[in-house]
Every structure is written in structure tokens, then in C-alpha cells.
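Okay, structure first, notes after.
If you're wondering where the values come from, they're calculated on a predicted model, not measured in any experiment.
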Amino acid sequence: MREANPGAIYLKDYSAPAFLINRTELHFELGEEETLVHARLHLLRSPEHAGQAPLELQGQNLELVSVGVDFDELSPDQYRVDEDSLVIDKVPEQFVLKTTTRIRPQDNTSLEGLYKSSGMFCTQCEAEGFRKITYYLDRPDVMAVFTVTITADPARYPVLLSNGNLLDDKILADGRREVLWHDPFPKPCYLFALVAGDLQYVEDTFTTMSGREVSLNLYVEEKDLPKCDHAMDSLKRSMRWDEEVYGRMYDLDIFNIVAVDDFNMGAMENKSLNIFNTSCVLCHPDTTTDAGYQRVEAIVAHEYFHNWSGNRVTCRDWFQLSLKEGFTVFRDAEFSSDMGSRTVKRVEDVSVLRTAQFAEDAGPMAHPVRPESYIEINNFYTLTVYEKGAEVVRMIHTLLGPELFRAGSDLYFRRHDGQAVTCEDFVRAMEDASGCDLGQFRRWYSQAGTPELRVFDEYDEDARTYTLHVSQSCPATPGQASKEPFVIPLAVGLLGDAGNLRLQVAGEEPDYETDDNTHRVLVVDQAEQSFVFTDVGEHPIPSLLRGFSAPVKLDYPYSRGQLCELMSRDDDGFVRWDSAQSLARRVIEEVQQQLAAGQAARVDVLLAQACERLLGDSSLEPAMVAEMLTLPSENYLAEQAKEGEADVELISRARAAVKAAVGEACAGLFLQRYEELAITEPYAASGEQIGQRALRNLCLDYLACANSDYLALARDQFGAADNITDRLAALRALAFYGAESDWSKPLQRFLEDWRGETLAINQWFTVQALMSDSGAVERVRELMQHPAFDPRNPNKVRALVGAFCAQNPRQFHREDGAGYRLLGEVVESLNHSNPQLASRMLTPLTRWRRYRGRAELMRAELERLAALPDLSPDVYELVSKSL
Ligand code: TRP
Ligand code: ZN
């Protein structure tokens with residue numbers, strides 16, 4: 001914590017390191033009172049760096065016990081230590097720096113550096129946590145070969161792990177155990193990891209395409225051993241997929257995963273020693289929802305894929321974070337698409353992007369995929385860097401096509417193996433391998449904000465031509481008043497009376513080679529542009545932005561009838577879903593206007609008719625029908641409103657009215673589908689069962705919303721469910737649509753049945769956080785005092801407070817500001833214990849400009865936080881940028 005306001009760091013100030021580290025030897029003496037870290041860093045002046053710059057190492061919350069250069073201990077006049085650095089003015093060209101530092105992992109609540117979780121030692125070093133372990137050149141472009149010795153009490157810590165291979169394992173004369181790990185691949189310190197604990201493991205093997213047998217181990221607490229299968233299977237599928245799709249093989253004989261309870265994020269890709277939040281690796285039908293199973297598969301894959309996109313080729317500096325994260329998210333999304341339904345996966349991802357990333361792009365923290373400055377790098381692990389970054393890679397894939405993209409990734413990995421590089425290097429490899437010019441495309445990395453595409457069309461019956469007129473613009477974002485045009489791949493089709501038309505773009509050679517001529521990617525690269533299709537015999541309905549081919553907002557003046565046509569007949573699954581969303585959104589917005597004018601809601605029957613058709617459409621997989629029937633979320637609807645005009649209460653009432661009306665109008669069919677979709681086989685997290693449950697529980701949701709008589713279905717389902725997905729769906733129906741007499745006993749019952757299952761209890765917290773009755777704030781406060789709650793555990797804070805603030809907009813934005821005050825207090829207390837979590841929790845408050853009638857109250861809470869005496873850089877950055 002600092003006195004003065006922390007300053008910003010700029011990309012333009014980047015300079016190569018003055019010193020390099022060839023070898024890093026660490027020795028940890030783990031103890032209950034204190035932990036000693038002995039470091040021997042084999043340093044040398046960088047040959048590229050002229051001059052005699054002093055050696056400056058980063059370090060935080062460290063007690064320096066001793067420091068020496070080669071064989072000499074330094075005296076206090078030979079070095080300077082302050083809050084976050086160790087400086088030695090005079091050092092040789094090449095030398096060994098020896099330090100000993102004392103740390104107290106048991107008191108480290110920030111969950112960065114070396115800390116304790118449920119009795120075990122573990123580390124989290126990305127982005128700048130290593131400096132909380134020892135003095136170091138804590139930057140990703142300093143790469144060293146690590147050798148790690150760990151000494152610990154073998155009774156308490158029978159498992160001692162670090163990166164790479166185990167070289168030695170012995171019991172010392174004093175009874176302590178000592179192990180030696182060596183990682184042959186040079187790596188930045190953010191990929192260092194250490195684990196010591198009383199853990200059990202499941203083991204398996206994987207044989208690479210070159211015949212290497214890799215030992216796979218998943219370490220967990222003993223009680224969690226039955227929850228490991230799904231992650232292990234996911235790991236093996238990921239390893240195979242990366243060989244098949246990217247030609248990437250695993251490069252060591254051992255790959256370990258460790259599950260820890262207290263973790264700030266999902267998981268971490270430390271070289272050969274991935275560390276996972278238990279919520280992102282453990283799976284059991286009693287504790288993990290269907291969505292949870294899919295999340296685990298995706299995150300296991302994500303971390304595994306980092307071994308190439310992140311570890312073998314890493315980032316030069318943290319401004320390049322999307323180099324590894326955007327690319328790896330794209331890779332894991334493609335993996336998930338190949339493992340399950342491509343369209344459903346795409347729809348889920350686009351939903352998140354349009355709701356949350358678009359909001360980020362429109363808010364005070366908007367930043368480019370490659371940011372230009374930051375105060376605290378932890379604040380830039382954002383949806384923009386991850387999800388929009390993945391969209392940027394996806395667009396390159398779309399523009400180049402799969403073969404040239406693969407040639408580009410091959411070149412990238414070959415050219416930069418073992419290096420710390422930039423987003424520019426990635427784009428250049430794609431260009432060099434494909435021959436495509438991505439010059440203007442690079443603006444996706446440097447310009448923030450969500451581009452808006454306006455499209456209108458013109459049909460000339462006599463000339464048989466159809467023209468799409470396209471214009472693009474992008475709103476101003478902090479520090480970027482005006483933008484240059486982006487390169488936007490616009491995938492299109494044209495829907496005629498008898499299906500999608502064959503396409504011929506004027507001025508292009510007809511394509512006789514492929515038989516699918518109904519799909520085209522138009523490249524929009526100017527502010528205004530027109531595309532002419534020739535030989536068009538009827539006025540078609542344009543099917544635009546197919547597959548969500550670019551992260552933009554699209555505006556085309558569809559009629560409701562046209563949306564219905566696209567929704568039921570277009571060839572593109574994404575467009576079908578998107579049309580359903582647009583139709584629902586129009587109907588909800590119409591009801592908002594009615595309610596605002598004091599009228600009763602009159603819900604357009606077109607929507608219910610469309611729903612009936614979807615429910616009976618056997619050409620669609622159930623998972624897809626469920627996605628199409630899910631109304632746009634309150635958050636998405638608020639994001640659609642103009643700045644300052646989002647009326648949360650109106651949105652919430654209108655959406656509920658529409659849902660109830662549709663539920664009532666289609667009750668017969670919902671009920672029929674609910675019954676047909678019942679699963680009699682035992683639970684499996686298969687795509688087929690997951691889709692069936694999703695649609696069935698959606699039917700239940702509509703029915704319960706429409707008429708409380710249907711709560712009887714929920715009661716039965718709650719009693720009969722053999723898995724948490726169905727159990728929770730029933731509990732939610734009771735809690736959201738029932739009276740206290742409907743939900744109080746089931747909630748109590750759930751708690752009693754699953755008391756010992758942390759991950760299930762977290763879901764129990766979330767259900768109660770999402771109940772939208774007027775007592776929600778008070779209930780959340782009460783639950784924060786519940787014995788099962790723990791303010792130090794990020795999963796719990798997110799499950800209760802995070803869910804309430806981010807997903808219960810109606811009660812978070814309560815008129816009296818009680819929701820804002822609750823969040824403010826939570827942030828204030830986390831500001832000391834876990835600043836990273838504090839600033840993540842704060843995000844909903846930073847969007848105060850969006851909301852009608854709430855801006856003053858929200859701002860007041862931010863002002864109160866801004867005035868606190870010792871804000872962490874994390875919270876300071878968000879507060880100061882949003883005020
Ligand atoms: N590199 C991790 C991933 O995306 C992200 C991560 C895990 C992280 N833990 C963190 C980032 C802590 C910052 C701080 O796979
Ligand atoms: Zn990642």
C-alpha cells in the first residue's frame with residue numbers, strides 16, 4: 001500500500017532489460033512461522049545494453065536477511081532496499097547474486113506470491129507475484145532455467161512439487177525432506193510454481209505422436225479424489241487436439257495439475273505444474289453443473305494450450321498479454337467447438353462478449369486489446385484482452401482461411417520458440433506465412449471501443465442486382481477521440497423464398513469449384529462501402545454477420561417478420577439465434593415503453609408463435625432451442641440502452657412480463673416438452689444429456705414464471721434429481737417465482753444435504769444472491785455472516801457478493817442505494833486483504849453513467865472509496881478512472 005497516488009506505466013517506455021539471468025537457483029525452507037528463500041541468480045549485463053546501469057530488482061513485502069555478490073556478502077552501504085526494490089549500484093559484468101529473504105506465506109491473504117490455502121503451500125506468480133517471493137527481475141522478457149530445492153516437514157507436506165523434472169528426493173539428518181526440481185526450459189518467473197501439501201493424486205499417461213510417454217498427475221485433497229476423472233479426460237483430449245490441429249506436442253515427461261481452494265482466478269499455466277481453482281477442475285454430478293463440466297473442459301484445455309501459446313513463446317511485456325491470452329482463448333474455444341456443438345459454443349461466447357465485453361468497451365476502463373498504459377496490470381486481465389483478443393485472432397483465421405492460418409501459427413511457433421515477443425510478431429508471422437497484408441487490420445490491437453456497422457440494402461428488379469450499403473464507425477473511448485476504419489470480415493448469406501441463394505459478387509470470378517456458393521465473407525475496410533450481388537432473382541433477406549464474424553454492433557432495419565424468417569430458415573445457426581434474440585429484444589423494449597407510459601403490458605403474439613415453432617422444430621438440437629428461447633438478459637438489455645437511460649427496474653419488469661406471457665401462451669407445449677425430455681438413464685455430462693436438461697429446465701423456468709401452479713413440478717424435480725443441474729434448476733424456480741413457503745424448506749434441505757461440499761454450497765449462496773425480492777440486500781448481508789461463508793475465499797465472495805452485484809441488477813440498483821453501499825463496504829474491506837479481488841468486485845459500480853436515476857448514488861459510493869486513505873493501486877485505478 002502506498003502513500004502517494006500510484007503512477008501509470010506506458011508501453012511506449014518499454015526498454016529491453018539491462019541484465020539477463022541465465023540460471024535461477026532457489027532453495028525454499030518451508031516453515032510454519034517463517035519461510036526462508038535462498039536465491040542464487042546467475043546474472044549478466046545484457047550485451048544489447050550499453051552503460052553501467054545499477055542492478056535493480058523488484059521485491060515486495062520481503063525481509064532481506066542477506067545479500068551477496070559472488071563470494072562476498074554485501075554491507076548495508078553497498079545496496080539500497082525500499083518498499084518495492086533492491087538496488088545495487090556496482091556489480092560486475094557477470095556474477096552470482098545470492099540473497100536470502102524471509103516471508104510469511106501463512107499471512108499472505110492477497111493470494112499472490114507464496115501463500116497457504118487449506119493448509120498447503122502454493123504459488124501464484126502471474127503477473128507480478130514472484131516479487132513477493134524473492135528479489136528478482138520480475139518481467140516476462142527475463143527468462144532463466146530454474147532449479148528449485150524445497151525443504152519441508154514430510155509429515156505435514158508429503159507432496160513437494162515444482163516445475164520440470166524431479167532430480168532428487170531425500171530425508172535430511174534432521175528428519176526434514178528435501179527435493180530437487182529442474183526445469184530445462186528457460187522461463188520468465190511468472191511461470192514459476194511451487195506446491196507443498198498433504199495431497200493425493202490420480203495418475204494417467206499420454207503418449208505423444210512422437211512416442212513420448214507423459215505421466216499425468218492430478219493432485220487434490222483426499223476427499224476430492226472421486227472428482228478428478230473429467231479433468232483428466234479433458235486433459236488427454238486437449239493434448240491430442242493440439243497435436244492434430246496445431247501440430248503441437250507436449251515437451252516434458254511429466255505434467256501436473258494441482259487443485260487449490262483459494263485462488264483469485266480460474267487457473268494458471270505454470271510450466272508443467274498447472275495450478276487450478278478447485279471450482280475449475282473438480283467435477284461430480286452432485287457438485288458441478290452441466291455448465292461447470294463444460295467450463296472445466298475448456299479451462300483444462302486453455303491452460304494446457306498455454307504450454308505453447310504462452311510458455312514456449314511468451315510475452316515481451318504485460319502490454320502484450322493478449323498475445324498469449326487472446327490466442328489461447330481462441331484455441332480453447334475451437335477445441336470446445338470440436339468436442340461439442342460448434343454453434344452452441346459460439347452462441348454462449350458471443351453472449352458473454354456482447355453483454356460484458358461490449359459494456360467494458362463502452363465504460364470508463366475501455367482499453368485496446370493491446371493496452372497503452374496501466375497502473376496495476378492485474379486490472380488488465382479483462383474481457384477485452386481475453387475475449388475480444390480471441391475475436392481478433394478468429395478474424396485473422398477467417399480472413400486467411402484455415403490452411404494459411406495454420407501456416408502462420410507454424411511459422412510463429414518456429415520463429416519465436418524460446419522468445420518473449422509481441423502482438424506485432426504474431427501478426428507478422430501470419431502475414432509472412434500467408435502473403436496477406438494485415439496492415440490496416442492491426443488497428444484491432446490499438447483502437448479501443450466496439451465498432452458499429454450500419455447496413456441497408458437495395459434491390460433492382462430489372463438489373464437483378466442486390467446491393468448492401470455498409471458504413472462503419474466507432475465511438476470515442478478514454479484517450480481516443482476519433483478512430484480510423486477497421487478491417488471487418490462480414491460473413492453474409494441471402495435468404496430467398498426457397499432457401500439461401502447462390503451468391504455472385506460483382507467484379508469477382510464466379511466460383512464453380514465449391515458447391516456451397518451461398519456463403520461469403522465481405523471485407524469491410526472503409527468508412528462507407530457497397531457490395532453488389534449480381535443475378536439475384538428476388539428481393540432476399542440479408543443474413544448478416546454470420547457466425548458473429550467480427551466483434552461489432554450490427555444495425556440493419558429488419559422487420560419482425562424478417563427476423564422470424566431468419567430465425568426459422570437461415571442456414572447459419574448463429575444468425576438464427578441472433579434473430580431470435582433481436583425479436584425478443586424488440587418485444588421487451590416495446591413492453592418497456594408501455595410500462596413507462598403507465599399502460600399494461602401487451603406482449604406481441606409473434607414472439608409466442610415463434611417460440612411454439614422452435615419448440616416443435618426437430619431439426620434443431622435441444623441445446624440450440626434452449627439458447628434460442630432464452631430471453632436476452634437484463635444486463636444485455638441495459639447494455640443496449642443509451643448512456644444514462646438504462647432503467648433497470650423497467651427492464652426487469654418488462655422482461656418478466658414477456659417471459660410470463662410467453663410461458664402462459666405456450667404452456668401446453670412447454671409442459672409436453674418438459675415431460676418428453678425427462679432423462680431416465682443415469683447422469684452423464686454428455687452433449688446430448690446436457691442439451692436435454694438445458695431445454696427441459698428452460699421449460700420449467702417459463703412454466704414457473706407463468707403460473708405458480710407449476711411450482712409443483714419444481715418441488716418434484718427438486719426431490720427426485722440425481723444431479724445438481726436439475727436440483728438447482730428446481731431450487732431456482734422455487735426461489736425466483738415462489739413465496740417463502742415454497743423456497744424456505746428446500747433451501748434448508750439443500751444446505752443440510754450438501755453442507756460438506758464447498759462447491760455446492762457456493763451455488764446455494766448464488767441462488768439466494770439472485771432472488772430479486774426487495775429483501776435481497778439484507779439477505780446477502782446476513783449470508784455474509786453464515787458459518788459457511790468466508791470473506792477470504794474468492795469463490796465464496798464471488799458466489800455471494802459478486803453474483804448479487806453483477807447478476808441481480810434489479811436489487812443491486814435498489815432505489816435507496818443499499819446495494820451500492822454493500823458493495824462499497826465489501827470493496828473497502830477487501831482492499832487490504834486482497835486488492836485484486838477488491839477491484840474485480842468493484843466493476844459494476846464503475847458503470848454508473850449508464851443508469852437512469854442512479855448515477856448520483858453510485859458516484860457517491862465511488863467518491864467515498866476514492867477518499868479512503870490507503871487505497872491499493874488496484875482499486876485506486878478503477879475508482880480514479882471511473883470518476
Ligand atoms: N494466465 C492465467 C490464465 O488465463 C490467468 C491467471 C491465473 C492470473 N491467475 C492469475 C492472472 C492471477 C493474474 C493474476 O490462464
Ligand atoms: Zn490464459
What's the verdict on side chain to side chain contact (heavy atoms under 4.5 Å, CB included) for Leu545 and Val575, showing C-alpha distance, side-chain angles and the deciding distance?
-> CA-CA 7 Å; Leu545 204 66; Val575 166; over 6 Å; no
Is there a salt bridge (Lys or Arg N to Asp or Glu O under 4.0 Å) between Glu431 and Arg428 once you walk through the steps?
-> CA-CA 5 Å; Glu431 279 182 323; Arg428 197 172 314 118; 5.5 Å; no
Given the rule in the side chain to side chain donor-acceptor pair (under 3.5 Å) test, do Ser336 and Gln294 qualify, once you have shown the distances and angles that lead to the verdict?
-> CA-CA 8 Å; Ser336 295; Gln294 291 175 325; over 6 Å; no
Ile375 and Phe380: side chain to side chain contact (heavy atoms under 4.5 Å, CB included), yes or no, with the steps?
-> CA-CA 9 Å; Ile375 293 176; Phe380 286 78; over 6 Å; no
Step by step, would you call Arg370 with Gln320 a side chain to side chain donor-acceptor pair (under 3.5 Å)?
-> CA-CA 6 Å; Arg370 182 187 54 221; Gln320 319 297 329; 5.0 Å; no
Apply side chain to side chain donor-acceptor pair (under 3.5 Å) to the pair Asn635 and Thr355, showing each step before the final yes or no.
-> CA-CA 7 Å; Asn635 282 335; Thr355 304; over 6 Å; no
Would you check, one step at a time, whether the test side chain to side chain donor-acceptor pair (under 3.5 Å) holds for Thr384 with Glu360?
-> CA-CA 7 Å; Thr384 300; Glu360 193 166 276; 2.6 Å; yes
Apply salt bridge (Lys or Arg N to Asp or Glu O under 4.0 Å) to the pair Arg394 and Glu387, showing each step before the final yes or no.
-> CA-CA 10 Å; Arg394 179 178 296 280; Glu387 319 304 322; over 6 Å; no
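Proximity of Leu383 to Leu353: side-chain heavy atoms (C-beta onward) are nowhere separated by under 4.5 Å. Between Val658 and Arg655 there is no side-chain heavy-atom pair separated by less than 4.5 Å. For the pair Pro368/Gln480, a side-chain contact is recorded, criterion being any heavy-atom separation below 4.5 Å from C-beta on. By the 4.5 Å heavy-atom criterion applied to side chains, Val455 and Leu544 are counted as neighbours. For the pair Phe405/Thr398, no side-chain contact is recorded, criterion being any heavy-atom separation below 4.5 Å from C-beta on. Counting heavy atoms from C-beta outward, Val487 and Leu399 have side chains that approach closer than 4.5 Å. By the 4.5 Å heavy-atom criterion applied to side chains, Pro632 and Gln640 are not counted as neighbours.
With hydrogens and angles disregarded, a donor-acceptor distance shorter than 3.5 Å links the side chain of Arg406 to the backbone of Val245. Proximity of a side-chain donor or acceptor of Gln594 to a complementary backbone N or O of Arg602 within less than 3.5 Å is detected. At least one donor-acceptor pair closer than 3.5 Å links the side chain of Arg346 to the backbone N or O of Phe548. Of the possible polar contacts, one joining the Arg443 side chain to the Pro485 backbone as a donor-acceptor pair under 3.5 Å is found. Side chain of Glu634 to main chain of Ser652: no donor-acceptor pair is present (N/O by atom type, distance under 3.5 Å, no hydrogens or angles). Formation of a donor-acceptor pair under 3.5 Å by the Arg576 side chain with backbone atoms of Ser568 is found in this model. Glu376 places a side-chain N or O within 3.5 Å of a backbone atom of Asn378 that can act as its donor or acceptor partner.
In this model, a donor atom of one side chain and an acceptor atom of the other lie less than 3.5 Å apart for Ser341 and Glu621. Side-chain contact check for Glu325 and His306: at least one donor-acceptor pair (N or O, by modelled atom type) lies under 3.5 Å.
By the 4.0 Å N-to-carboxylate-O rule, Lys345 lies too far from Glu348 to be salt-bridged with it. Ionic pairing of Arg415 and Asp425 is not present here: no N-O contact between side-chain nitrogen and carboxylate oxygen is shorter than 4.0 angstrom. Classification of Glu590 and Arg586 as a salt-bridged pair fails, no side-chain N sitting under 4.0 Å from a carboxylate O.
Note on ring orientation: taking the six-membered ring where Trp is involved, the planes of His397 and Phe330 are tilted (angle from 30° to 60°). Ring geometry, Phe305 versus Phe335: the interplanar angle exceeds 60°, so the pair is classed perpendicular (tilted spans 30 to 60°). Between Tyr412 and Phe327, the ring planes lie perpendicular to each other; the angle is over 60°, past the 30° to 60° tilted range.
Screening residues 844-854 for side chain to side chain donor-acceptor pair (under 3.5 Å), with sequence neighbours left out, gives Glu643-Arg850. Applying the salt bridge (Lys or Arg N to Asp or Glu O under 4.0 Å) test to pairs two or more places apart or on separate chains, those with a residue in residues 522-541 are Arg464-Asp535.
Counting all heavy atoms, side chain and backbone alike, Cys474 lies closest to Ala448 at SG-O, 3.6 Å. Taking all atoms of both residues into account, the shortest heavy-atom contact from Leu468 to Pro542 is CD2-CB, 4.2 Å. Of all the heavy atoms in Asp410 and Tyr246, the pair that sits closest is OD1-O, 3.8 Å. Considering every non-hydrogen atom in both Ala550 and Met395, the closest pair reads CB-SD, 3.7 Å.
Aromatic ring centroids of Phe426 and Tyr445 lie 6.0 Å or more apart. Aromatic pair Phe486/Trp444: ring centres closer than 6.0 Å. Aromatic rings from Phe413 and Trp308 are positioned such that their centres are separated by under 6.0 Å.
Of the listed residues (Tyr374, Tyr14, Tyr10), just one forms a ring pair (Phe, Tyr, Trp, His ring centres under 6.0 Å) with Phe319, and that residue is Tyr374. Evaluated for a side-chain hydrogen bond (donor to acceptor under 3.5 Å, both in side chains) with Asn500, the options Asp570, Asn517, Thr518 yield exactly one hit, Asp570. The one candidate from His302, Lys324, Arg331 that meets the side-chain hydrogen bond (donor to acceptor under 3.5 Å, both in side chains) condition with Ser309 is Arg331.
Atom CG in Asp617 sits 13.0 Å away from atom CD in Glu612 (nearest 0.5 Å). Here the OG atom belonging to Ser880 is positioned 10.5 Å from the CG atom belonging to Leu862, to the nearest 0.5 angstrom. To the nearest 0.5 Å, atom CG of residue Leu554 and atom CG of residue Asp578 are 7.5 Å apart. Note that OG1 of Thr843 and CE of Met365 are 7.5 Å apart. Values are rounded to the nearest 0.5 Å. Annotation: the span from Leu411 atom CG to Leu404 atom CG amounts to 12.0 Å, rounded to 0.5 Å. Within the model, atoms CG of Asp571 and OG of Ser543 stand 8.0 Å from one another, a figure rounded to the nearest 0.5 Å.
The environment of CZ in Arg342 is crowded: more than 12 heavy-atom neighbours from other residues, nucleotides or ligands sit within 6.0 Å. Residue Glu461 places its CD atom among 12 or fewer non-hydrogen atoms of other residues, nucleotides or ligands, all under 6.0 Å distant. In Tyr459, the OH atom is crowded: over 12 heavy atoms of neighbouring residues, nucleotides or ligands sit closer than 6.0 Å.
Annotation: cation-pi pair Arg454/Tyr556 absent, no NZ/CZ under 6.0 Å from the ring centroid and within 45° of its normal.
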